[in-house]
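Structure first, then comments.
Everything numeric in this text was worked out from a predicted model, so none of it was measured. All chains are named by letter (A, B, ...) in the order of the sequence lines, taking the proteins before the strands, and each is independently numbered beginning at 1.
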There are 2 protein chains.
Amino acid sequence: MTARTHARTDRTSKAHLRLWLRLLKVNRSVEAELRERLRLEFGTTLPRFDVMSALYRNPKGMKMSELSRMLMVSNGNVTGIVDRLTEDGFMLREAVPGDRRAARVRLTQRGIAEFERQAAAHETWVSELLGGLGPEDTQRLADDLGTALTLPNAERDDA
Amino acid sequence: MTARTHARTDRTSKAHLRLWLRLLKVNRSVEAELRERLRLEFGTTLPRFDVMSALYRNPKGMKMSELSRMLMVSNGNVTGIVDRLTEDGFMLREAVPGDRRAARVRLTQRGIAEFERQAAAHETWVSELLGGLGPEDTQRLADDLGTALTLPNAERDDA
DNA sequence: GCTTAAAATTTCAGACTTGAAATATTCCAG
DNA sequence: CTGGAATATTTCAAGTCTGAAATTTTAAGC
């Protein structure tokens, strides 16, 4: 390791750090705004929206563990959110035929209808909040972010 | 509004949405990994690290409301985190001379020393996690993200 | 001086989140 | 078929987070 190598490494890690802080700020700003609007317009929260979104894309339902893995949150966390959404009549737990341990969760008709209203507004809001980026920059950013992660977390679920 | 305009608008908002989902995934992956490592290596959490980081950059201390604004979290949230960090001897509350409502919070010597250890590891980790990006991509991404937000949240605090 | 609005902070209830422990069930080697 | 590892989920304690209400102090107008 020469002094020159150290300098280059250090500069790169500083750049990575700067990028991370930017990313964090954009993320927090957008999330804060989305949270506020979901609360005011639909009386719901971001985690609830996320769960409903995952189930909307999987009409046949998902096991709790699948939900947990896709959303990258803990098992216990999903339990509580699904509990509350179930109380509200937006989803329900079904038994899995071959396995009495597992439960399959899916949206009710009411849940589907409600989510469609929310999703339409959500897409508009996101586009508004990221409005500073034209189509080309947006495309390029999305692509670059796809290659950003070193971890083996890049699953093919965003086709 | 012609059909053509609608199509272009729709395509752009879909691209924004795709970007937002990518950003969310990168953010969650990196945060999950950083949280895990902070817990295992230092027995601390991301929110605690964030508060200490803000105070490290402001050695003279910050008011609770300044902390809250900079970190984009609620006032009540900061209160609890500062309480616990104070119990641990990493920071302390001082009276503000001219204003008996306000309190200034700053790191203790022990807090400074502890944060410096954490920050060094943190920078290494972030760079490792974003290792898929070379210096040029990193720079460009950071710049693009800086122009992403439409909201008036882009303060000049990341020099 | 008095009153009232504004500002700084804390408190609070409720939701979200984690990691670990507890439960229940399935799978499998012997 | 039986004991134990593995899997699916829930429960739990503790911390994080929010938005609103309460508290305390300051500032401003009259």
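Listed nucleotides: dT10(C), dG19(D), dA8(C). Nearest to the side chain of N75(B): dT10(C). In this structure, the nucleotide among dT26(D), dA8(D), dA15(C) sitting nearest to the side chain of D99(A) is dA8(D). Here dT10(C) is the nucleotide among dT10(D), dT10(C), dC17(D) with the atom lying nearest to any side-chain atom of M64(B).
No donor-acceptor contact under 3.5 Å links the side chain of R101(A) to the base of dA24(C).
Dashed line: the shortest gap from a side-chain N or O of R35(B) to OP1 or OP2 of dG15(D) is not under 4.0 Å.
Counting any heavy atom pair closer than 4.0 Å across all strands shown, S65(B) reaches sugar-phosphate atoms only and no base atom. Across all strands shown, L46(A) has no heavy atoms under 4.0 Å from either base or sugar-phosphate atoms. Note on R104(A): nothing from the nucleic acid sits closer than 4.0 angstrom, heavy atoms only. T45(A) comes within 4.0 angstrom of sugar-phosphate atoms only, judged by non-hydrogen atoms across all strands, and of no base. Residue contacts for G80(A): at a heavy-atom cut-off of 4.0 Å it reaches no nucleic acid atom on any strand shown. Contact annotation for E36(A): backbone-only contact, meaning every heavy-atom pair under 4.0 Å involves sugar-phosphate atoms and none involves a base.
Only one option out of F90(B), F49(B), F115(B) pairs with Y56(B) in a ring-ring contact (aromatic ring centres under 6.0 Å, His included); it is F115(B).
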